[in-house]
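What follows is a set of notes on a single structure, which appears directly below.
Whatever order the structure lists them in is the order used to number ligands and atoms, beginning at 1.
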Amino acid sequence: MEDGYINQFGKTLYETFFQRYSEKLWGIKCNRISIDWVGQRTRGLNIITIIKDTLFKKKDVVSLVDEFSYPKEGIGRISEKLADKINRLGGQVLMESEVIKINHKNRHLESVVVRKKTKEMEVTGDDYISSIALSDLISGLQPKANRNILINNSRLKYRDELQVALFVRRKHITPDTWIYIHPKEIPFMRVMEMDNWSNILSPKGATTLVFEVPCNVGDRIWNLTDKEAIKIVSDSYLSEFNLIKREDIIAGFVHRAEKEYPIYHLNYRSDIDNIKKFLKQFYNLQIIGRNGTFRYNNMDHSIEMGLYAAWNICRKGRKYNIDAVNIEREYLEEKRIENIDDELLEKTSD
Ligand SMILES: Cc1cc2nc3c(=O)[nH]c(=O)nc-3n(C[C@H](O)[C@H](O)[C@H](O)COP(=O)(O)OP(=O)(O)OC[C@H]3O[C@@H](n4cnc5c(N)ncnc54)[C@H](O)[C@@H]3O)c2cc1C
């Protein structure tokens, strides 16, 4: 990763921002992370595009856009609407149910075992699309995967985080949807201002600031009480940013989010390739999504993978190549934004 960032942005920008931000996000040194992260996270960005954007507001690169689509009532509306439709059409969505076992026989998935609270039940299907973390899929297989695959699987790790929300009696504290924060001394790596995403997400006269505090399950940060986490985040925000007053804060809330970011360790590709090759034997299984494929997807990539998987089932084959999503676009996204939709439409039109 270190070499990738230095090539793309130069040593000064690397040392000033990218190194500090990345090491805070991942909790490990940049030289232990694969260069793939640089390509996927800062795709199309380099020192020239940044200067062009700053001076001429060119907006040639997706990461630098000023506007994007977002559901008025929050991102959860997409899955809520999908679930409504599935239920209306006679399907069933099992909520708060965890897949804990995936039974297979003769290169065919037979059923999954789902746990809801203390109850377990077996669910069968003709086709299976998995978006649970790839490592959980492998460790849930019954019979167990072979020893080499289990070794590959044991190397897949994810970064977790606390999401600390502060409800604040202010509107539009900054004009930004999110701000990335690199100094090590500040516990959060990104802050989002929700009334800049949609102005109906917060009560009248207020906004919600959401702080991402990177950590690993079980470490000191993860084990903070909610009260401690809210105090650490609000103290730091108040003193470092000086944008609001303590009396502006109405309340706080903490969400502990596991497996937020797949960690691209050095040589992760060979682990993933072996696992994917192994899974290809199951002809009624497709894997999709961010953790499901262990690929740093954005939402659109994940949705596109889901569409491909569904179309493959409808067409009884594997015409749509899920593995190509978020790979091919690496070159597409460097083109002008207005061309992207047309090119993708051509590529995916049925
Ligand atoms: C903090 C953060 C900010 C982001 N911001 C953006 C953004 O601004 N724009 C953008 O395009 N993308 C963003 N992304 C990426 C985007 O959220 C992902 O690409 C997308 O949500 C991935 O969709 P998915 O279906 O693969 O996984 P998810 O949305 O994570 O859904 C997987 C679901 O499976 C469930 N699950 C897991 N294991 C099991 C199991 N064993 N049994 C049953 N259910 C299980 C999980 O609870 C979860 O509900 C962000 C991601 C993060 C973490």
Quick one: does Asn152's side chain have a donor or acceptor within less than 3.5 Å of a partner on Ile275's backbone? no
Any atoms of ligand 1 less than 4.0 Å from a non-hydrogen atom of Gly289? List them with their elements. 26 (O)
Note the single closest protein heavy atom to atom 42 (N) of ligand 1, along with its residue, its atom name and the distance in Å. Val99 N, 2.8 Å
Name of the residue among Glu122, Glu96, Glu98 meeting salt bridge (Lys or Arg N to Asp or Glu O under 4.0 Å) with Arg115: Glu98
Phe211 six-ring centre to Arg190 NZ/CZ under 6.0 Å and within 45° of normal: no
For atom 20 (C) of ligand 1, which protein heavy atom lies nearest, and how many Å away is it? Ser302 OG, 3.8 Å
Answer yes or no: is there a donor N or O on one side and an acceptor on the other, between the side chain of Lys24 and the main chain of Ile181, under 3.5 Å? yes
Shortest protein heavy-atom distance from atom 40 (C) of ligand 1, along with the residue and atom involved: Ile132 CG2, 3.3 Å
In terms of heavy-atom contacts, does CZ of Arg77 have more than 12 from other residues, nucleotides or ligands at under 6.0 Å? yes
Are there more than 12 heavy atoms of other residues, nucleotides or ligands under 6.0 Å from atom NZ of Lys171? yes
Does at least one non-hydrogen atom of Ser97 fall below 4.0 angstrom from an atom of ligand 1? yes
Give the numbers and elements of all ligand 1 atoms closer than 4.0 Å to a heavy atom of Glu98. 40 (C), 41 (N), 42 (N), 43 (C)
For Tyr261, the ligand 1 atoms whose distance to one of its heavy atoms is below 4.0 Å: 1 (C), 2 (C)
How far is atom 19 (O) of ligand 1 from its nearest protein heavy atom, and which residue and atom is that? Asn297 O, 3.0 Å
Of all the non-hydrogen atoms in the protein, which one sits nearest to atom 6 (C) of ligand 1, and at what distance? Asn298 OD1, 4.8 Å
Which of the ligand 1 atoms, numbered from 1, are nearer than 4.0 Å to a heavy atom of Trp178: 8 (O)
More than 12 foreign heavy atoms under 6.0 Å from CG of Asn146: is that the case here? yes
Answer yes or no for atom 45 (C) of ligand 1: protein heavy atom present at a distance under 4.0 Å? yes
Does the protein put any heavy atom within less than 4.0 Å of atom 11 (O) of ligand 1? yes
Does anything in residues 135-175 pair up under ring pair (Phe, Tyr, Trp, His ring centres under 6.0 Å), and if so which pairs, sequence neighbours excluded? Tyr158-Phe294
Counting only N and O atoms by type, is there a donor-acceptor contact under 3.5 Å from the side chain of Lys144 to the main-chain atoms of Ser139? yes
Would you verify that at least one protein heavy atom lies under 4.0 Å from atom 53 (C) of ligand 1, or report that none does? yes
Has Tyr296 got any heavy atom lying under 4.0 angstrom from an atom of ligand 1? no
If we only consider heavy atoms of Asp136, is any one of them less than 4.0 Å away from an atom in ligand 1? no
Measuring to protein heavy atoms, does anything land under 4.0 Å from atom 38 (N) of ligand 1? yes
Of all the non-hydrogen atoms in the protein, which one sits nearest to atom 14 (N) of ligand 1, and at what distance? Arg290 NH2, 3.7 Å
Take atom 33 (C) of ligand 1 and look for protein heavy atoms under 4.0 Å from it; say yes if you find one, no if not. no
For atom 49 (O) of ligand 1, is the nearest protein heavy atom under 4.0 Å away? no
Below 4.0 angstrom, counting only protein heavy atoms, does anything approach atom 2 (C) of ligand 1? yes
With a 4.0 Å cut-off on N to O distance, would you call Arg256 and Asp160 a salt bridge? no
Just say parallel, tilted or perpendicular for the rings of Phe17 and Tyr21, cut-offs at 30° and 60°. parallel
Taking the non-hydrogen atoms of Phe68, is any one of them nearer than 4.0 angstrom to ligand 1? no
Any nitrogen or oxygen of Met299, side chain or backbone, less than 3.5 Å from one on ligand 1? yes
Report the part of Glu161 (side chain from C-beta onward, or backbone N, CA, C, O) that has a heavy atom under 4.0 Å from ligand 1; answer both or neither where that applies. side chain
Contacting atoms of ligand 1, where contact means under 4.0 angstrom from a heavy atom of Glu212: 1 (C)
Backbone or side-chain N or O of Asp300 under 3.5 Å from ligand 1 N or O: no
Does some non-hydrogen atom of Arg190 fall short of 4.0 Å from ligand 1? yes
Phe18 vs Tyr5 aromatic rings, parallel, tilted or perpendicular, using cut-offs 30° and 60°? parallel
Tell me, do Ile288 and Ile322 make a side-chain contact under 4.5 Å, heavy atoms counted? yes
Under 4.0 Å from any heavy atom of Glu260, which atoms of ligand 1 are there? 1 (C), 53 (C)
At under 4.0 Å between heavy atoms, what of Trp197 touches ligand 1? The answer is side chain
Is it the case that the ring center of His108 lies less than 6.0 angstrom away from the ring center of Tyr283? yes
Between Asp323 and Arg295, does at least one N-O distance fall below 4.0 Å, as a salt bridge requires? yes
Measuring to protein heavy atoms, does anything land under 4.0 Å from atom 27 (O) of ligand 1? no
Looking at Lys276, I want to see if its NZ is surrounded by more than 12 non-hydrogen atoms of other residues, nucleotides or ligands under 6.0 Å. yes
Would Asn297 and Asn326 count as a side chain to side chain donor-acceptor pair (under 3.5 Å) here? Give the steps. CA-CA 7 Å; Asn297 276 357; Asn326 195 8; 3.0 Å; yes
